[in-house]
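Have a look at this one before I ask anything.
Both ligands and their constituent atoms are indexed starting at 1 by order of listing. Counting from 1, the numbers follow the sequence of the chain as shown.
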Amino acid sequence: MTAPAHLEVSDLTVRYGPLSAVRNATLRLEEREMVFVAGPNGAGKSTLLRAIAGVIPTARGSVHLRGRRLTGLSADRIVGAGVNLVPEGREIFGALSVVENLMLGTYLRRDRAAAREDLDWVLDLFPALRPRLGDSAGLLSGGQQQMLAIGRALMTRADLLIIDELSLGLAPMIVEQIYETLLRLRKERGLTFLIAEQSFARAVDVDARLILLNTGSIVRDGRARDLARDEALEQSYFGMG
Ligand code: ATP
């Protein structure tokens, strides 16, 4: 028998009223993989990610984490199982301080001392946040807010991070820094990533697997570098966003 995947999504369908925003999606992520989901506006990227994280209900299909069924569990139980969503728009609490936002990631944890250690760890990963700890999070730049959102997700002790539109609206240099940190987390801590981006340039850059969505369906799942060589795909998707 093969080992269960870190994440296994089978035949997932998500509906908003009569609209099937995601249709029969099946995908598998192994431990320590960084997999990208790309596709045009409205393709269903956010819907797929949100459904995996249990933030929105699914109409059919299932999600398993290392063989354990997540489908039907509350979003809190899914966080407790080690899955965390960094949502599009980041959902930082602008009126709270940076440290308060980070500590929100620990609300389900009982290990207070370890949580304090993790705070130090997150601040080492994102040193730009350290001098801003007492500032209102709303005062941070977009890039710092993305670091904060990822830091908050790490504070939950998640080992599967699902990040929606990571690069949206951010300066390329900041995006570069954030990806360097994520690749380090994968290498040093064995984290697994599922990341939505409008463009698939980053997936090509880090030589990752890419899942292409179009109008709610997975149309390709393969090595980004191979997909990028496909001229028809290139014409319809490449260089977008
Ligand atoms: P974007 O890049 O614009 O964020 P996306 O690929 O993430 O797009 P989704 O946001 O998942 O796509 O949207 C998929 C489809 O579902 C779109 O047709 C969208 O209009 C629709 N949709 C998304 N959220 C809702 C909602 N809450 N109620 C009804 N329809 C929705």
Modelled atom types, side-chain donor and acceptor of Asp11 and Thr26, under 3.5 Å: no
Result block: side-chain N/O donor-acceptor pairs under 3.5 angstrom for residues 120-129, not counting sequence neighbours:
from	atom 1	to	atom 2	distance (Å)
Asp120	OD1	Arg130	NH1	3.4
Asp124	OD1	Arg130	NH2	2.8

If the condition is side-chain contact (heavy atoms from CB on, under 4.5 Å), which residues does Ala51 pass it with, not counting sequence neighbours? Leu12, Val14, Ile56, Thr58
Going by side-chain contact (heavy atoms from CB on, under 4.5 Å), name the residues that satisfy it together with Leu104, two or more places apart in sequence or in a different chain. Phe93, Leu96, Asn101, Arg152
Examine the side chains of Glu197 and Ser167 and answer whether a donor and an acceptor come within less than 3.5 Å of each other. yes
May I ask whether Leu65 and Leu73 are part of the same hydrophobic cluster, defined by side-chain heavy atoms of I, L, V, M, F, W, Y residues being less than 4.5 angstrom apart, directly or through others? yes
Using heavy atoms and a strict 4.0 Å limit, residues surrounding ligand 1 turn out to be Tyr16, Leu19, Ala21, Pro40, Asn41, Gly42, Ala43, Gly44, Lys45, Ser46, Thr47, Glu88, Glu165, Gln198
